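To start, the structure itself, in structure tokens.
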Amino acid sequence: MFLFIVFALIAIVAGLGVILSRKPVYSALFLLLNFATLAAMYIMLQAQFLAAVQIIVYAGAIVVLFLFVVMLIGGGELNAVDRETSRQGDKANIASQRSSIQLGWPRLTALVLAVLLLAGVGYGVITGQLHQPTGTAAAFGQGSVEAVAATLYTDYLLPFEMTSVLLLVGMVGAVVLARNE
Amino acid sequence: MVPISYYLILSAILFTVGVVGVLIRRNVLIIFMSVEMMLNAVNLTFAALALHFLSLNGQIFVLMAMVVAAAEVAVGLAIVMTVVRHKDTTNIEDVNLLKG
């Protein structure tokens with residue numbers, strides 16, 4: 001219960017960080033924290049395979065894709081604001097001062113959240129609260145790779161195969177959209 | 001043992017945060033991230049209910065949702081790149097090509 005509250009708070013504050021950060025880079029990194037926390041939640045829910053996939057696909061692939069795009073197209077709206085104010089002389093200094101104050105809180109918040117997440121995961125692993133099932137979950141014994149694979153490759157074989165078509169379409173679509181004519 | 005309802009409440013809160021992000025932000029990238037957060041909140045619901053009903057179907061559905069999310073992010077970010085190349089902005093207000 002204690003662990004759940006800690007993780008829930010981290011997830012919510014990281015979510016708020018995503019929507020309140022002024023720079024998209026900070027948003028992407030808060031999103032990474034949010035995804036990592038949800039992976040810990042999946043472990044608490046006896047969905048170990050999902051936790052691994054969450055880290056690999058979301059925290060690995062998707063956030064990195066976001067970061068690539070953010071770095072390709074620049075800092076977003078903060079840059080636009082800076083560009084306008086820099087023409088107006090004195091106001092540029094005020095704007096840069098304000099933004100340097102503004103940029104303080106995401107780092108501090110993220111640091112606190114990350115340390116809390118690490119401490120929570122460490123505490124959960126050492127005491128066994130994180131991964132050892134209790135109550136009905138113990139009888140369930142699900143979420144391991146074997147159990148998920150058995151269901152995925154028997155009952156859900158057709159949807160599984162169709163996802164490969166979806167990924168192919170997504171890949172072709174991304175290449176067609178993003179190429180330079 | 002954490003009650004399942006707590007997970008559902010957390011999921012609802014995260015979904016709401018995502019909705020608020022879509023509504024209040026103008027940067028298309030952050031709107032996109034908020035959409036991802038909403039997808040994740042729904043995934044948490046599925047995983048929690050999978051444990052509640054002692055059934056793996058919910059977890060399989062989360063896997064499918066993750067595949068869809070991965071494809072969606074690839075295509076969506078390609079669209080964002082195209083828009084930025086044409087309009088030189090990530091502000092959603094400036095993107096009104098489809099307006100009559």
Side-chain angles (χ1 to χ4, degrees), chain A residues 1 4 8 11-12 15-16 18-19 21 24 27-28 31 34-35 38 41-42 44-47 49-50 53-54 57-58 61-62 65-66 68-70 72-73 76-77 80 134-137 139-140 142-143 147-148 151-152 155-156 159-160 163 166-167 169-171 173-178 180, chain B residues 1-4 6-7 9-10 13-14 17-18 20-22 24-30 32-34 36-37 40-41 43-44 47-48 50-52 54-64 66-82 84-85 88-91:
Chain A
M1 194 65 199
F4 174 81
I12 291 169
L16 289 175
V18 172
I19 67 170
S21 302
S27 287
L31 194 67
N34 192 3
F35 289 165
L38 282 182
M41 290 259 172
Y42 286 148
M44 292 173 78
L45 284 168
Q46 301 303 306
F49 181 63
L50 279 188
V53 174
Q54 169 89 4
V57 173
Y58 270 109
I62 290 182
L65 209 55
F66 267 115
F68 266 125
V69 172
V70 168
L72 270 175
I73 68 183
E77 58 192 293
T134 52
T136 51
F140 195 14
Q142 54 129 322
V148 174
T151 314
L152 188 61
D155 296 346
Y156 290 94
F160 173 74
T163 57
L166 177 72
L167 284 175
V169 171
M171 193 172 70
V175 169
V176 167
L177 279 170
N180 258 324
Chain B
M1 181 80 192
V2 184
I4 295 299
Y6 286 26
Y7 286 101
I9 291 168
L10 171 68
I13 292 173
L14 285 178
V17 170
V20 172
V22 170
I24 67 169
R25 293 307 299 250
R26 292 282 170 274
N27 190 322
V28 65
L29 278 171
I30 294 177
F32 210 6
M33 289 176 203
S34 303
E36 288 305 309
M37 215 156 62
N40 259 276
N43 283 354
L44 184 65
L51 184 65
H52 180 65
L54 300 183
S55 153
L56 273 175
N57 295 354
Q59 294 194 13
I60 302 290
F61 209 99
V62 174
L63 276 181
M64 299 297 169
M66 281 176 178
V67 173
V68 173
E72 173 231 334
V73 165
V75 175
L77 287 178
I79 292 174
V80 170
M81 289 301 297
T82 314
V84 168
R85 201 177 293 138
D88 197 25
T89 178
T90 53
N91 191 330

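Proteins get letters first, then strands, A, B, ... in listed order; numbering begins at 1 in each. Source: prediction; values computed, not measured.
Once rounded to the nearest 0.5 Å, the distance linking CG of A/Leu50 with CG of B/Leu56 reads 9.0 Å. Atom CZ of residue A/Phe66 and atom CE of residue B/Met33 lie 5.5 Å apart, to the nearest 0.5 angstrom. Distance check: A/Tyr42 OH to B/Tyr7 OH gives 11.5 Å after rounding to the nearest 0.5 Å. One finds the CE atom of B/Met64 at 7.5 Å from the CZ atom of A/Phe160 (value rounded to the nearest 0.5 Å). Here CZ of B/Arg25 is found 8.0 Å from CD1 of A/Ile19. Values are rounded to the nearest 0.5 Å.
The two residues B/Ala50 and B/Gly58 have their closest heavy-atom pair at CB-CA, 4.0 Å. A/Ala178 and B/Ala78 make their closest contact through CB-CB, 4.0 Å (heavy atoms, listed as atom of the first residue, atom of the second, distance). When all heavy atoms of A/Val69 and B/Met81 are compared, the pair lying nearest together is CG1-SD, 3.9 Å. Minimum heavy-atom separation, A/Gln46 to B/Gln59: O-NE2, 3.7 Å.
Both the backbone and the side chain of B/Val68 have a heavy atom closer than 4.5 Å to some heavy atom of chain A. Contacts of B/Leu14 with chain A are made by side-chain atoms alone, with heavy-atom separations under 4.5 Å and no backbone atom involved. Contact annotation for B/Leu29: both backbone and side-chain heavy atoms come within less than 4.5 Å of a heavy atom of chain A. Heavy-atom distances place the side chain of A/Tyr58, and not its backbone, under 4.5 Å from chain B. Neither the backbone nor the side chain of A/Met171 comes within contact range of chain B; no heavy atoms are under 4.5 Å apart. With a 4.5 Å cut-off on non-hydrogen atoms, B/Leu44 touches chain A through its backbone and its side chain both. Residue A/Ala11 touches chain B through both its backbone and its side chain, counting heavy-atom pairs closer than 4.5 Å. Only the side chain of B/Val84 comes within contact range of chain A, judged by heavy atoms closer than 4.5 Å. Contact annotation for B/Ile13: only side-chain heavy atoms (C-beta onward) come within less than 4.5 Å of a heavy atom of chain A. Contacts of A/Leu38 with chain B are made by side-chain atoms alone, with heavy-atom separations under 4.5 Å and no backbone atom involved.
A/Gln54 and B/Asn40 share a side-chain donor-acceptor pair at under 3.5 Å.
Interface check for chain A: of the options B/Val22, B/Asn57, B/Ile60, the most heavy-atom pairs under 4.5 Å are formed by B/Ile60. If you tally non-hydrogen atom pairs under 4.5 Å between each of B/Ala41, B/Gly21, B/Pro3, B/Gly18 and chain A, the highest count goes to B/Gly21. Your options are B/Asn91, B/Val80, B/Asn43, B/Val62, and the one with the most heavy-atom pairs under 4.5 Å with chain A is B/Asn43. If you tally non-hydrogen atom pairs under 4.5 Å between each of B/Ile9, B/Val20, B/Val17 and chain A, the highest count goes to B/Val17. Options A/Ile62, A/Leu167, A/Val53 differ in how many heavy-atom pairs under 4.5 Å they form with chain B, and the most are formed by A/Ile62. In terms of heavy-atom pairs under 4.5 Å with chain A, the best-connected choice from B/Ile79, B/Ile24, B/Thr89, B/Leu63 is B/Leu63. Of the residues considered (A/Val57, A/Leu72, A/Ile12, A/Val18), A/Ile12 shows the highest number of contacts with chain B, using heavy-atom pairs under 4.5 Å. Note on B/Ile4, B/Thr82, B/Leu77: by heavy-atom pairs under 4.5 Å with chain A, the leading option is B/Leu77.
Partner A/Pro24 forms a side-chain contact (heavy atoms from CB on, under 4.5 Å) with one of A/Leu31, A/Val70, A/Ile73 and no other, that one being A/Val70.
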